[in-house]
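Please read all numbers here as calculations on a predicted model, not as lab measurements. We use all heavy atoms of the structure for the numbers below, so side chains are in, but hydrogens, waters and symmetry mates are not. A note on names: the letters A, B, ... follow the listed sequences, proteins ahead of strands, and every chain is numbered from 1.
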Protein chains: 2
Amino acid sequence: MHQTKPIVNLFDFFDTIYPMGPEAKKALEQLIREKGYAKNEIVQELGSRCRTIYIVKTGGARIFYYKDGIDITEHFAFENDLIVRAESLFTGNPTSKGIQAIDKTRMVAIDSEKLFHLYDQHHDLERLFRLIFEREYVNTVKRLEILQFKSARERYLELLETTDFVQKIPLKYIASYLGITQVSLSRIRSGLG
Amino acid sequence: MHQTKPIVNLFDFFDTIYPMGPEAKKALEQLIREKGYAKNEIVQELGSRCRTIYIVKTGGARIFYYKDGIDITEHFAFENDLIVRAESLFTGNPTSKGIQAIDKTRMVAIDSEKLFHLYDQHHDLERLFRLIFEREYVNTVKRLEILQFKSARERYLELLETTDFVQKIPLKYIASYLGITQVSLSRIRSGLG
DNA sequence: CTGATTTTTTAACATTTGTAAAAGGTATTG
DNA sequence: CAATACCTTTTACAAATGTTAAAAAATCAG
């Protein structure tokens with residue numbers, strides 16, 4: 001899997017969203033660890049609590065869970081994308097979902113509990129992550145729209161148009177991400193579906 | 001349509017999420033107008049920008065749009081529920097969606113542009129609305145999960161279990177909310193689908 | 001209350017999508 | 001390189017959902 005997006009320095013990336021003061025940056029730096037994962041390695045176990053905010057540096061990861069024994073991919077993340085299990089991160093509840101590296105992957109991991117505590121001291125941090133999660137929220141609303149009333153073919157075509165990750169991920173992940181079976185996706189791709 | 005939830009004072013409701021200081025409350029009060037809408041009245045036009053955060057006091061409202069000429073309900077809101085078109089509110093872009101009162105409805109309207117400006121002066125306001133929108137984000141993720149891989153029947157049953165608004169809204173709105181046709185919903189309700 | 005309008009259900013049929021199994025590809029590993 | 005495992009496509013059939021139209025039921029307006 002060759003990655004096309006340029007790999008941006010993390011703090012340069014943050015600056016494009018909200019330029020923080022030096023104290024906030026310093027405080028955030030303390031919370032950040034960089035971690036490497038092998039292809040298919042589990043980053044966060046199914047059923048765990050989400051206490052880490054990940055940002056992908058290289059490679060890719062997915063959020064997944066099982067429904068009636070079937071592996072379903074709910075979310076993909078690649079360069080500079082955030083990956084969190086929001087339903088756990090913002091409630092403190094465990095989630096039945098997990099995170100897995102799709103590829104050899106490097107990620108930045110931010111301790112969310114420590115981060116949330118720092119919000120009181122560093123308004124800039126709260127501002128930055130508020131804006132980051134607002135973006136995620138908007139992305140989720142757009143995905144909802146696609147799943148609510150588009151046909152399998154429409155969903156696939158829209159994915160092709162709006163993303164560049166279809167080429168680099170197993171189609172079985174794509175199928176469940178679109179809410180369809182592999183067979184159905186194959187039919188669509190062959191032009192007969 | 002009889003409403004069962006108790007109608008809570010707006011600021012009492014805010015206090016349950018994040019108790020603000022008196023200055024922040026005072027500043028927020030300046031932005032708030034209360035408005036009444038007739039049944040089926042359009043609150044925000046299709047295609048407009050979302051510059052208002054609504055909170056339903058009595059009655060109910062929905063976010064809707066047209067897909068291939070078909071009216072699709074994306075979201076419902078009742079007592080103390082927020083209603084915003086996130087993809088516009090957080091980007092500034094216009095959205096093809098609109099807001100409509102489902103019933104005789106009273107709503108609190110908060111000017112979002114003014115509110116967002118107040119975030120700099122009143123950290124408490126940014127905190128409160130960050131928490132409010134985090135909740136909305138979580139709700140959206142849960143809805144995504146339901147739409148992604150559950151059958152029409154499962155979606156309907158889950159709606160019955162987790163909400164109390166099915167009784168009080170036209171079924172045609174429920175059907176599109178679940179991503180199915182009215183005919184399909186009728187079949188499910190009759191126990192044959 | 002009554003006629004008109006809107007909503008919901010039912011019916012018949014078409015289409016889409018799912019299921020299961022097999023075959024063909026591709027990648028991985030010893 | 002061969003053997004294995006995994007991924008994708010194909011096939012045949014089943015089930016779910018959509019489409020169109022009409023009837024029945026509920027709601028609304030005068």
Side-chain angles (χ1 to χ4, degrees), chain A residues 1-2 38-42 59-60 62 64 66-73 76 100-104 146-160 165-193, chain B residues 1-2 37-42 59-60 62 64 66-73 76 100-105 146-160 165-193:
Chain A
M1 293 187 195
H2 179 62
K39 179 170 181 172
N40 296 331
E41 187 176 347
I42 297 297
R62 68 186 187 112
F64 73 106
Y66 288 95
K67 198 225 165 201
D68 306 333
I70 296 166
D71 178 317
I72 296 177
T73 295
F76 290 114
Q100 183 182 33
I102 292 172
D103 207 350
K104 190 165 183 297
I146 292 166
L147 285 172
Q148 189 175 355
F149 242 102
K150 300 206 172 178
S151 67
R153 151 163 284 120
E154 285 176 306
R155 280 178 256 170
Y156 178 65
L157 293 178
E158 179 137 353
L159 190 73
L160 282 181
F165 60 70
V166 179
Q167 340 299 336
K168 46 186 187 188
I169 324 179
L171 288 170
K172 58 175 181 170
Y173 293 160
I174 302 282
S176 72
Y177 181 76
L178 295 174
I180 60 179
T181 60
Q182 289 179 58
V183 174
S184 201
L185 179 57
S186 250
R187 275 194 286 243
I188 291 164
R189 284 163 53 86
S190 77
L192 309 168
Chain B
M1 292 187 195
H2 178 63
Y37 297 91
K39 179 168 180 172
N40 296 331
E41 188 177 346
I42 296 297
R62 69 185 186 113
F64 72 107
Y66 289 95
K67 197 227 166 201
D68 304 334
I70 296 167
D71 178 318
I72 297 177
T73 295
F76 290 114
Q100 183 182 30
I102 293 173
D103 206 349
K104 190 165 183 296
T105 297
I146 291 166
L147 286 172
Q148 189 175 356
F149 242 103
K150 299 203 173 181
S151 68
R153 150 162 285 120
E154 285 175 306
R155 278 177 258 171
Y156 178 64
L157 294 178
E158 179 137 353
L159 191 73
L160 283 180
F165 60 71
V166 179
Q167 340 299 336
K168 45 187 187 187
I169 323 179
L171 287 169
K172 58 177 181 169
Y173 294 160
I174 302 281
S176 72
Y177 181 76
L178 294 174
I180 59 179
T181 61
Q182 290 179 57
V183 174
S184 200
L185 179 57
S186 250
R187 276 195 286 241
I188 289 164
R189 283 162 55 84
S190 77
L192 309 167

Could you grab the distance from atom NZ of A:Lys172 to atom CD of A:Gln182, nearest 0.5 Å is fine? 7.5 Å

Between P on C:dT17 and OH on A:Tyr156, what's the gap in Å once rounded to a whole number? 15 Å

Side chain to side chain donor-acceptor pair (under 3.5 Å) partner of B:Gln100, the single match among B:Arg62, B:Lys39, B:Glu41: B:Arg62

Quick one: B:Ile102 CD1 to D:dT27 C1', roughly how many Å, whole number? 17 Å

From CZ of B:Arg155 across to C1' of D:dA16 the rounded distance in Å is 11 Å

Within this structure, what is the CG-to-P distance between A:Asp71 and D:dC7, rounded to whole angstrom? 10 Å

Determine yes or no for a side-chain-to-main-chain donor-acceptor pair under 3.5 angstrom, with B:Thr105 supplying the side chain and B:Gly60 the backbone. yes

With the side chain defined as heavy atoms from C-beta on, A:Lys172 is closest, among C:dT10, D:dT8, C:dT7, to D:dT8

Output the rounded distance in Å from CD (A:Gln182) to C1' (D:dT11). 16 Å

What one-letter contact string describes nucleotides 18-30 of chain C from 5' to 3', where B marks a base within less than 4.0 Å of any protein heavy atom, S marks contact via sugar-phosphate atoms alone, and - marks no contact? BBB----------

How large an angle, rounded to 10°, do the end axes of the helix from C:dC1-D:dG30 to C:dG30-D:dC1 enclose when each is built from five base pairs? 50°

Going through the distances and angles, do B:Tyr66 and B:Ile72 end up as a side-chain contact (heavy atoms from CB on, under 4.5 Å)? CA-CA 6 Å; B:Tyr66 289 95; B:Ile72 297 177; over 6 Å; no

Across all chains, not counting sequence neighbours, the salt bridge (Lys or Arg N to Asp or Glu O under 4.0 Å) partners of A:Lys104 are none

Spacing of B:Tyr173 atom OH relative to C:dT8 atom C1', expressed in whole Å: 14 Å

Main chain of B:Ser176, side chain of A:Gln148: is a donor-acceptor contact present, judged purely on distance under 3.5 Å? yes

Separation of D:dT9 C1' from A:Leu171 CG (nearest whole Å): 10 Å

Measure from NZ on A:Lys150 to C1' on C:dT16 and round the result to the nearest Å. 18 Å

